Amino acid sequence: MRKIKMIAVLAVALAAGCAAAAEPTYESVQACHEKAQASKDPNQVAVCLADELKIVQAEHKDAVERVAVIAKRWDKKTNSRQRWNKLIQAGQSFDAFVRRECEFVRMTTKGNQVKEKNAELACRINYYRMRTDVLETRYLAAEKH
């Protein structure tokens with residue numbers, strides 16, 4: 001019985017370790033891009049871009065959540081939800097803009113489907129990175145002062 005428990009614990013630990021290793025990091029994405037560039041395989045580039053998009057979207061989500069805390073604090077002073085609501089609406093509009101703009105980029109990129117998808121992924125990465133920078137510079141850096 002003890003062996004079965006020990007094996008189960010090891011299996012869970014191994015599964016958790018694999019799940020943690022599966023999360024992309026900037027280092028793993030950089031290594032992926034280097035490997036893809038060396039192989040000149042657009043399918044490998046797609047994998048790298050998809051991982052990079054996951055990272056950038058997670059950073060964007062974190063920045064939005066931190067700005068939402070600030071907006072709620074500002075709203076609390078006026079007993080309203082006006083700033084928080086505007087932040088939510090701005091985020092929804094931004095997501096719709098990125099989706100449409102990057103679909104347009106995909107459709108206007110000459111090449112095969114993989115190259116077109118890569119252009120769309122790169123577009124999404126750039127816009128999410130840009131908005132994260134804006135949120136951090138305009139709201140989060142200002143809060144520190």
Side-chain angles (χ1 to χ4, degrees), residues 6-145:
M6 190 178 256
I7 291 172
V9 168
L10 287 173
V12 169
L14 181 61
C18 290
E23 289 297 316
T25 64
Y26 275 116
E27 292 80 20
S28 66
V29 168
Q30 180 64 32
C32 182
H33 279 297
E34 289 171 5
K35 183 179 174 184
Q37 188 174 17
S39 71
K40 297 182 182 181
D41 180 7
N43 291 309
Q44 181 62 38
V45 172
V47 171
C48 304
L49 290 171
D51 283 349
E52 188 172 357
L53 181 60
K54 287 178 190 174
I55 294 170
V56 171
Q57 284 178 321
E59 290 174 347
H60 177 261
K61 180 181 178 207
D62 177 64
V64 168
E65 288 172 354
R66 290 185 290 144
V67 172
V69 169
I70 295 167
K72 286 178 183 180
R73 188 174 341 122
W74 289 339
D75 279 344
K76 191 172 186 177
K77 293 176 186 176
T78 60
N79 201 23
S80 72
R81 291 178 57 147
Q82 188 176 7
R83 289 172 186 86
W84 185 77
N85 285 338
K86 291 293 181 190
L87 175 65
I88 299 301
Q89 290 170 353
Q92 291 168 343
S93 295
F94 175 77
D95 289 337
F97 163 77
V98 169
R99 186 180 65 254
R100 289 181 184 120
E101 178 71 14
C102 295
E103 284 174 0
F104 176 72
V105 167
R106 179 180 45 83
M107 293 173 70
T108 58
T109 300
K110 303 281 189 224
N112 63 25
Q113 288 181 342
V114 174
K115 184 177 177 183
E116 293 168 0
K117 184 64 177 172
N118 288 351
E120 180 181 0
L121 287 169
C123 174
R124 294 173 69 85
I125 289 165
N126 289 331
Y127 277 118
Y128 278 103
R129 203 173 263 149
M130 178 195 71
R131 182 154 191 259
T132 301
D133 289 345
V134 167
L135 292 172
E136 289 177 350
T137 302
R138 184 170 290 156
Y139 304 107
L140 299 173
E143 272 295 299
K144 292 179 184 177
H145 298 293

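Here the structure is a predicted model, which means the values were calculated and not measured.
Lys72 places no side-chain N or O within donor-acceptor distance of the main-chain N or O of Trp84, the cut-off being under 3.5 Å. At least one donor-acceptor pair under 3.5 Å links the side chain of Asn126 to the backbone N or O of Ala122. Asp51 places no side-chain N or O within donor-acceptor distance of the main-chain N or O of Ser28, the cut-off being under 3.5 Å.
Considering only heavy atoms from C-beta on, Phe94 comes within 4.5 Å of His60 through its side chain. At a threshold of 4.5 Å between non-hydrogen side-chain atoms, the residues Arg124 and Arg99 count as touching. Counting only heavy atoms from C-beta outward, the side chains of Met107 and Glu116 never approach each other to under 4.5 Å. Under the 4.5 Å side-chain criterion, counting only non-hydrogen atoms from C-beta, Arg131 is in contact with Val64. For the pair His33 and Leu49, the minimum side-chain heavy-atom distance is below 4.5 Å.
In the displayed structure, Glu101 atom CD is contacted under 6.0 Å by more than 12 heavy atoms of other residues, nucleotides or ligands.
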### Query
Hey, mind stepping through Ile70 and Leu140 against side-chain contact (heavy atoms from CB on, under 4.5 Å) and telling me if it holds?
CA-CA 8 Å; Ile70 295 167; Leu140 299 173; 3.5 Å; yes
### side-chain contact (heavy atoms from CB on, under 4.5 Å) between Val45 and Lys40, intermediate numbers included
CA-CA 8 Å; Val45 172; Lys40 297 182 182 181; over 6 Å; no
### Query
Would Glu136 and Arg66 satisfy salt bridge (charged side-chain N to carboxylate O under 4.0 Å, His left out), going step by step from the backbone distance to the final call?
CA-CA 9 Å; Glu136 289 177 350; Arg66 290 185 290 144; 3.4 Å; yes
### Message
Walk me through whether Glu120 and Lys117 qualify under salt bridge (charged side-chain N to carboxylate O under 4.0 Å, His left out).
### Response
CA-CA 5 Å; Glu120 180 181 0; Lys117 184 64 177 172; 3.7 Å; yes
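Distance check: Phe97 CZ to Cys102 SG gives 7.5 Å after rounding to the nearest 0.5 Å. To the nearest 0.5 Å, atoms CD (Glu65) and CG (Leu87) are separated by 10.5 Å. The distance from atom CG of Asn43 to atom SG of Cys48, rounded to the nearest 0.5 Å, is 11.0 Å.
Under a 4.0 Å N-O distance rule, the pair Asp75/Arg83 qualifies as a salt bridge.
Side-chain contact, Tyr128 with Asp95: a donor N or O sits under 3.5 Å from an acceptor N or O.
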